[in-house]
Amino acid sequence: MSIIMQLENVSYIYGIGSGHEKQALKNINLKINAGEFIGLVGHTGSGKSTLAQLLNGLEHATTGEIYYDGRNIYDKDYDMKSLRGNVGLVFQYPEHQLFEATVEEDVQFGPRNLGLPLLEVELRSYNALKMVGISDDLIDVSPFVLSGGQKRRVAIAGVLAMQPKLLVLDEPMAGLDPTGREEILNILRNLRDKQKITIILISHSMEDIAEYADRVIVMNKGEVVLEGEPKKIFQFEEELEKIGLGVPQSTKVIHRLRKMGADIPYSCITAEESAGAIYKWLQRV
Amino acid sequence: MKPFIIAKDLVHEYSRRDEDGNVTDIKRALDGIDMEVSAGDFIAVLGANGSGKSTFAKHLNALLTPTEGTLLVDGMDTSDHDNDLDVRCVAGMVFQNPDNQIISNVVEEDVGFGPENMGVPTEKIWERVEESLKNVGMYKYRKMSPNHLSGGQKQRVAIAGVMAMRPKCIILDEPTAMLDPVGRRAVIDTVTELNKKENITVILITHYMEEVTGADYVFVMNDGKVSMQGTPRQIFARSEELKEYRLTIPEVTKIALHLRKMGIELPKDILNEEELVKALIELKNF
């Protein structure tokens with residue numbers, strides 16, 4: 001597997017020289033593999049959003065190096081503009097940034113600014129809207145008449161139209177109803193599976209992370225404190241709770257049953273897996 | 001006793017106007033809501049995005065008034081604008097984003113803002129601020145800047161700010177949508193305690209099914225109407241219907257449902273971890 005992004009000893013300090021310096025990131029070392037679906041978790045203020053902004057060059061690390069596709073993005077001759085195309089960033093409540101008169105124009109805004117030929121711009125926006133499941137009859141309407149979930153998907157399409165290889169999303173499901181959450185998550189899974197886009201999903205929902213992520217990165221106070229497959233990470237219930245997080249409800253049930261002597265593997269983190277394992281345990285005499 | 005909230009055929013229409021002020025489009029956000037809530041109840045309101053939950057919440061606080069029908073809050077008709085301030089004093093509102101509702105640089109000043117505006121005498125304000133902050137477990141942070149608090153702590157300060165106005169009812173519109181798991185838990189625990197100990201009527205709007213399991217009664221909204229109502233047990237036993245309304249069931253209830261489908265005889269209305277674990281241990285030992 002090739003490494004799409006690598007961070008070496010990355011630290012970030014806000015407000016240097018202001019007297020209110022705050023270390024947001026401390027000595028981060030990370031490798032992101034191409035095609036991975038990563039869940040990035042941590043309590044409010046743990047440094048997740050700062051990290052996201054470093055990845056696409058919006059902020060510059062105070063110390064340390066970041067490599068995209070093997071090249072140091074802090075090299076003098078590095079093309080930052082290309083990095084911002086390759087690493088798409090979807091902020092919290094991205095629909096607040098919709099502004100054009102029609103859905104199509106909004107999605108085309110990014111590629112048009114790249115100076116691409118009109119046909120290419122149109123093709124990209126058409127494909128991006130398809131990927132997020134916005135139907136053709138909506139492309140000429142004002143984005144402001146759409147539902148909350150549709151607006152969010154249009155905003156994500158705007159980033160996809162830049163054809164990123166790596167997509168970083170900061171709480172893209174916040175405020176959506178359960179079906180809306182699932183729609184966004186399935187879009188992300190499809191982007192990874194079909195378009196081979198690497199996904200870094202910042203979320204507070206351990207249940208969603210358990211269901212969708214290949215690997216979890218846990219942050220606390222600006223540091224990466226745990227890292228690994230969800231079923232490994234969610235064994236650390238107490239540790240996660242201590243740092244403002246938790247484990248999926250399914251995992252909690254399994255942990256409780258285990259404490260009462262039930263012989264069920266730790267590795268069940270979704271409702272379906274848990275039900276299967278509990279069933280087997282019940283059948284055993 | 002008369003119910004604390006009575007909505008009867010409540011309708012709300014938003015109208016869009018062109019440059020000349022002519023109405024070009026009307027959207028019916030609430031379409032004949034009938035609802036009664038008793039004083040001291042913990043009520044949850046569920047519903048898809050755009051189902052009318054937030055519009056309804058704004059009516060309870062007289063931020064919006066009925067297009068048709070009536071809404072009585074503590075006996076006051078919200079259609080009568082003379083009641084606006086009184087309605088807002090008995091029914092306080094907490095919104096989704098804590099950063100949009102905290103205005104002061106010091107926690108205790110922020111909490112004192114409401115009672116000060118109500119004309120409460122200064123020494124009484126400080127009494128109320130102290131009591132409210134203690135009630136939400138934020139007293140030790142009283143001298144701090146809200147900027148240094150976590151999302152969950154800020155929301156509890158916002159709740160204290162409402163409590164300092166001594167309301168009979170708190171309406172919370174997705175108060176946990178932006179919070180991490182521990183912040184979410186702290187807000188829900190705080191609200192539950194206010195309901196139990198201070199007998200505050202709670203109206204909680206949320207997309208998190210797990211937050212609803214402790215409520216006395218649940219209303220499900222769809223397309224501006226109340227489409228389902230009942231206790232959490234009754235509501236979450238109807239998973240197929242909830243799905244139609246873009247909702248779901250708590251994860252624990254999902255595990256139980258999967259097991260039932262495999263032929264394990266579990267109750268249909270399991271709501272939390274304790275219940276599921278207890279039922280399973282009983283089955284195993286049987």
Side-chain angles (χ1 to χ4, degrees), chain A residues 41-46 92-93 145-152 171 173-183 203-207 210 240-257 259-262 268 270-276 278-279 281-284, chain B residues 16 25 27 46-51 53 96-98 148-154 174 176-186 207-210 242-264 266 272-274 276-278 280-281 283-284:
Chain A
V41 303
H43 66 83
T44 321
S46 60
Q92 275 188 19
Y93 297 86
V145 306
L146 301 178
S147 73
Q150 287 171 330
K151 276 187 209 162
R152 180 125 354 141
E171 292 275 350
M173 293 92 71
L176 297 184
D177 56 49
T179 303
R181 297 181 71 88
E182 209 181 316
E183 284 165 2
S203 173
H204 285 317
S205 165
M206 302 302 133
E207 283 80 10
L240 288 168
E241 271 173 11
K242 246 180 237 156
I243 57 171
L245 301 171
V247 298
Q249 256 200 318
S250 293
T251 313
K252 270 191 214 166
V253 170
I254 298 294
H255 287 186
R256 272 176 187 244
L257 286 169
K259 267 189 199 143
M260 300 179 80
C268 307
T270 67
E272 217 175 330
E273 286 170 3
S274 302
I278 290 170
Y279 181 80
W281 166 70
L282 284 173
Q283 299 302 310
R284 249 177 274 146
Chain B
R16 190 188 302 271
D25 192 19
K27 189 182 180 296
L46 300 175
N49 293 111
S51 61
K53 305 182 302 294
Q96 185 181 116
N97 188 344
H148 293 122
L149 302 178
S150 73
Q153 290 171 331
K154 282 185 208 167
E174 290 191 54
T176 59
M178 305 180 80
L179 306 183
D180 53 42
V182 165
R184 225 150 73 195
R185 193 68 263 156
H207 285 313
Y208 290 104
M209 303 301 128
E210 288 77 10
L242 284 166
K243 214 171 177 181
E244 272 170 47
Y245 301 131
R246 298 176 63 87
L247 301 174
T248 184
I249 52 177
E251 178 142 303
V252 169
T253 316
K254 270 186 208 163
I255 298 179
L257 188 67
H258 278 299
L259 285 165
R260 282 173 56 82
K261 280 185 187 156
M262 294 184 221
I264 304 289
L266 280 171
N272 57 46
E273 294 135 44
E274 289 83 19
L276 179 60
V277 170
K278 192 165 163 266
L280 288 171
I281 294 288
L283 268 177
K284 182 72 181 173

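Quantities reported herein were computed from a predicted structural model and do not represent experimental measurements. Chain identifiers are assigned alphabetically (A, B, ...) following the order of the sequence lines, protein sequences preceding nucleic acid strands; residue numbering begins at 1 within each chain.
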Picking from [options], which has the most non-hydrogen pairs under 4.5 angstrom with chain A?
| options | result |
| --- | --- |
| B:Asp180, B:Val277, B:Ile255 | B:Asp180 |
| B:Asp25, B:Leu46, B:Leu247 | B:Leu247 |
| B:Gly50, B:Ala186, B:Ala48, B:Gly152 | B:Ala48 |
| B:Glu251, B:His258, B:Met262 | B:Glu251 |

With side chain to side chain contact (heavy atoms under 4.5 Å, CB included) as the criterion, how do B:Ile281 and A:Leu257 come out once you've worked through the C-alpha distance, each side chain's angles and the decisive distance to 0.1 Å?
CA-CA 8 Å; B:Ile281 294 288; A:Leu257 286 169; 4.0 Å; yes
Please walk me through it: do B:Met178 and A:Gln92 pass side chain to side chain contact (heavy atoms under 4.5 Å, CB included)?
CA-CA 9 Å; B:Met178 305 180 80; A:Gln92 275 188 19; 3.6 Å; yes
Sequence neighbours excluded, which residues qualify as side chain to side chain donor-acceptor pair (under 3.5 Å) partners of B:Glu274?
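Once residues adjacent in sequence are excluded, the partners of B:Glu274 under the side chain to side chain donor-acceptor pair (under 3.5 Å) criterion are A:Arg256.
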At a 4.5 Å cut-off on heavy atoms, which part of [X] comes close to chain A: side chain, backbone, both, or neither?
| X | answer |
| --- | --- |
| B:Leu276 | side chain |
| B:Tyr208 | side chain |
| B:Glu174 | side chain |
| B:Leu242 | neither |
| B:Leu280 | both |
| B:Arg185 | neither |

If you measure from CD on B:Glu273 to CD1 on A:Ile254, what distance do you get to the nearest 0.5 Å?
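Going from CD on B:Glu273 over to CD1 on A:Ile254, the span is 11.5 Å.
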Give the member of [options] that has the highest number of heavy-atom pairs under 4.5 Å with chain B.
| options | value |
| --- | --- |
| A:Glu273, A:Arg284, A:Gln283 | A:Arg284 |
| A:Leu282, A:Val41, A:Ile243 | A:Leu282 |
| A:Gly175, A:Gly148, A:Ala174 | A:Gly175 |

Can you tell whether the side chains of B:Lys243 and A:Glu182 come within less than 4.0 Å, N to carboxylate O?
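No, no charged N to carboxylate O under 4.0 Å.
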Do B:Lys254 side-chain atoms and A:Ser250 backbone N/O form a donor-acceptor pair below 3.5 Å?
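A pair under 3.5 Å: no.
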Do A:Asp177 side-chain atoms and B:Asn49 backbone N/O form a donor-acceptor pair below 3.5 Å?
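Yes, A:Asp177 side chain to B:Asn49 backbone: donor-acceptor pair under 3.5 Å.
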Starting from the C-alpha separation in whole Å, work towards a yes-or-no answer on side chain to side chain contact (heavy atoms under 4.5 Å, CB included) for B:Val182 and A:His43.
CA-CA 8 Å; B:Val182 165; A:His43 66 83; over 6 Å; no
Quick one: are A:Glu183 and B:Arg246 in side-chain contact, heavy atoms under 4.5 Å?
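Yes - at least one pair of side-chain heavy atoms lies under 4.5 Å apart.
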A:Met206 portion near chain B, given a 4.5 angstrom heavy-atom threshold
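When you check distances to chain B, only side chain atoms of A:Met206 fall under 4.5 Å.
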Pairs satisfying salt bridge (Lys or Arg N to Asp or Glu O under 4.0 Å), at least one member in residues 240-255 of chain A, at least two apart:
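Counting only pairs at least two positions apart or across chains, no salt bridge (Lys or Arg N to Asp or Glu O under 4.0 Å) contact touches residues 240-255 of chain A.
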Which atom pair, heavy atoms only, marks the closest approach of A:Gly244 to B:Pro181?
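A:Gly244 and B:Pro181 have their closest heavy atoms at O-CD, 3.7 Å.
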Which pair of heavy atoms, one from B:Thr248 and one from A:Pro178, lies closest together, and at what distance?
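Shortest heavy-atom separation between B:Thr248 and A:Pro178 comes out as CG2-CB, 3.5 Å.
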Intermediate values then yes/no, side chain to side chain contact (heavy atoms under 4.5 Å, CB included), B:Arg16 and A:Val145
CA-CA 11 Å; B:Arg16 190 188 302 271; A:Val145 306; 4.1 Å; yes
